[in-house]
Amino acid sequence: MKTIDQHYIDGRFVASHGSEVIDLVSPTDRSVIGRVTLGDEEDARAAVRAARRAFKTYSISSLEDRADYLQRLHDAIMARAPEHIAIRTLEYGGVARHNAFSIQGSAKVFLNMRKTLEEMPFRKRVGAAEVLLKPVGVAALITPWNSAIFMVCNKLAPALAAGCTVVVKPSESSALQIRLLVECIDAAGLPPGVVNVVNGRGDVVGDELTRHPDVAKVSFTGSTTVGKAVMRNAAETVKRVTLELGGKSAHIVLDDADADAAAAFALSAAFMNNGQACIAGTRLLVPEHRLAEMKAALLKASSQWKVGDPADDSSALGPLANARQFDRVQGYIRRGIEEGATLLLGGEGHPPGLEAGYFARPTIFVDVRNDMTIAREEIFGPVLSVIAYRTEDEAVEIANDSIYGLQGWISTGDPVRGKAIAERIEAGAVMVNRIFDLFDEAGVPAGGFKQSGIGREFGVYGLSEYLGTRAVFA
Ligand code: NAD
């Protein structure tokens, strides 16, 4: 049992001013594995003061120094990678096949950003002016629990590369994972006040950060509902915002796709990270005349998705992250049945023998219409909805008929045809017959259209979100 009662402010671990204490509960067996003291508005303000002081010198630090800090952050995380993986399994329920990707990816974003720094034209002559790129100021980084470390690193790298100082407000339910990350940040030896981390509730610490007049920028990853509140708060002092929000991504299986390959790909896209992934392909669009074949292929592929103890290497799916998430997923499964969808696999309740934790049954619905709740709303669990289509145009229309526009997925026997369809999908990224390499590519942007968000992360696109231009005529 670990107790976390400190924030990281001005280069030191400091006692919390806020006094609310919450339990951290293992999703695998519901035992209490830790306690965290949550900060309050005063903790948030102290962190902003420290970041504001540090900005004076950090904002004019050399690009060489910033590149060095990025390298050191990468090295510090990798030096403790096995601990990160163990805590991710304990606190979040992450399974081996996703943990390594997540932790190595978290470290790698710093190296990728180091490369991006070299490509960025921080000074450029445009006509009679010299255009300089300047850090916008103190950035508040607000992150969710579903990939706790990755989400923080993913924002930290561009903010620090740009010369911004930051206050991180991670999810209150990831305190053990974040504590280890903060120890790594501390070990990397950045100047005091450049990175500050405050544990706390969104409607307390998060709210204060999004309203604070000395915060120039908010980068938020989380639900669309909270993202809208963040944007409203930020408007009062005209902060810049980057919002990485929810998704309900379509996976189009074209009529030339191999059924077994498409089914395996579809389940990977839908069930990755225990089904708690913003980019998950949760609507599977299948040609009507190939439905029977795809159903059989999905059932066959589902044998690869064993649910079990996340510490066991053979488990492909761990538990959902917490009780609220478990109840939410159960509610959507019930709603799907009530609205007339048919269960091909899974359903309500726990898989047999896994009643002790927040384990859900991997679930596939067929006979789903795109106007059903399970096809409209983000479920954030291992639940896939199969929707039939007749023509390619209809498939594109269904894929785009969503308030979200985060990601698209395509299975096809003809990548050229797949690429042509990809260009018609209203989403920030589309994967044709492939998974995951998005985060391996240093310069490729990620982000959403429509209510999936504003702005982009990664590469020069992500770095630009923390920079403003200053044109100097001299
Ligand atoms: P959430 O919106 O509930 O919380 C996200 C963060 O915002 C947390 O740190 C929370 O404490 C904070 N917060 C809550 N209320 C706030 C307020 N009023 N002001 C400021 N901050 C506040 O999301 P979650 O449940 O932690 O995460 C799941 C959601 O995140 C899903 O919708 C998922 O799609 C989304 N997500 C998106 C991406 C992406 O890149 N687009 C990536 C991962 C997760």
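Numbering of ligands and ligand atoms starts at 1, following listing order. The basis for the numbers below is simple: all heavy atoms, side chains too, and nothing from hydrogens, waters or symmetry mates. Predicted, not measured: the structure shown is a model, and the values here were computed from it.
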Under-4.0 Å salt bridge between Lys419 and Glu423: yes
Atom 28 (C) of ligand 1 [closest protein heavy-atom partner, distance rounded to 0.1 Å]: Phe380 CE2, 3.7 Å
Proximity of Ala446 to ligand 1 by residue part, where a heavy atom lies under 4.0 Å: neither
Atoms of ligand 1, numbered as shown, that sit under 4.0 Å from any heavy atom of Gly206: 19 (N), 20 (C), 21 (N)
Closest protein heavy atom (residue, atom, distance) for atom 35 (C) of ligand 1: Gly222 O, 3.2 Å
Ligand 1 contact on Thr221 by region, counting heavy-atom pairs under 4.0 Å: both
Test item: side-chain donor near acceptor, Arg12 and Gln6, under 3.5 Å: no
Sequence neighbours excluded, every pair satisfying salt bridge (charged side-chain N to carboxylate O under 4.0 Å, His left out) that has a member inside residues 155-167: Lys155-Glu457
Polar atom proximity, Trp145 to ligand 1 (N or O, under 3.5 Å): yes
Per-atom contacts of ligand 1 with Leu406, taking only distances under 4.0 Å to non-hydrogen atoms: 41 (N)
Structural part of Glu457 in contact with ligand 1, heavy atom criterion under 4.0 angstrom: neither
Top protein contact for atom 27 (O) of ligand 1, by heavy-atom distance: Pro144 CB, 3.2 Å
Selection from Ser147, Cys278, Ser171, Ala234 by shortest heavy-atom distance to atom 36 (N) of ligand 1: Cys278
Numbering as shown, the atoms of ligand 1 that approach Asn146 to under 4.0 Å (heavy-atom distance): 43 (C), 44 (C)
Min N/O separation Arg324 to ligand 1 under 3.5 Å: no
Contact atoms of ligand 1, heavy-atom distance to Val226 under 4.0 Å: 2 (O), 13 (N), 14 (C), 15 (N), 16 (C), 17 (C), 22 (C)
Nearest candidate to atom 11 (O) of ligand 1, where distance is taken over non-hydrogen atoms, out of Lys169, Arg201, Glu244, Met151: Lys169
Exercise: do Thr225 and Ser223 side chains pair donor with acceptor under 3.5 Å: no
is_close_aromatic(His251, Phe265), centroid dist under 6.0 Å: yes
Glu378, portion touching ligand 1 at heavy-atom distance under 4.0 Å: side chain
Under the side-chain contact (heavy atoms from CB on, under 4.5 Å) test, residues paired with Thr210 that sit two or more places apart: Ile142, Val218, Val230, Asn233
Leu245 N/O under 3.5 Å from ligand 1 N/O: yes
Donor + acceptor pair across side chains of Ser31, Asp29 (<3.5 Å): yes
Flag: protein heavy atom within less than 4.0 Å of atom 4 (O) of ligand 1: no
Shortest non-hydrogen separation from Leu467 to Arg240 and the atoms involved: O-NH1, 3.2 Å
Glu465: which of Lys217, Arg456, Lys239 passes salt bridge (charged side-chain N to carboxylate O under 4.0 Å, His left out): Lys217
Ser452 N/O to ligand 1 N/O under 3.5 Å: no
Nearest protein heavy atom with distance in Å, relative to atom 7 (O) of ligand 1: Phe220 CE1, 3.1 Å
Short side-chain donor-acceptor distance under 3.5 Å, Thr28 and Asp309: no
Thr143, any N or O under 3.5 Å of ligand 1 N or O: yes
Test item: side-chain donor near acceptor, Asp186 and Tyr8, under 3.5 Å: yes
Atoms of ligand 1 close to Ile142 [distance to a heavy atom under 4.0 angstrom, numbered from 1]: 6 (C), 7 (O), 9 (O), 12 (C), 21 (N)
Contact check: Ser223 vs ligand 1, nitrogen or oxygen atoms, below 3.5 angstrom: yes
Side chain proximity check, Arg66 to Leu160, heavy atoms < 4.5 angstrom: no
Nearest option to atom 13 (N) of ligand 1, as decided by whichever heavy atom of Gly202, Gly200, Ala229 sits closest: Gly202
Salt bridge flag under 4.0 Å for residues Arg201 and Asp207: no
Carboxylate-amine/guanidinium proximity below 4.0 Å for Lys169 and Glu208: no
Pro170 touching ligand 1 at heavy-atom level, < 4.0 angstrom: yes
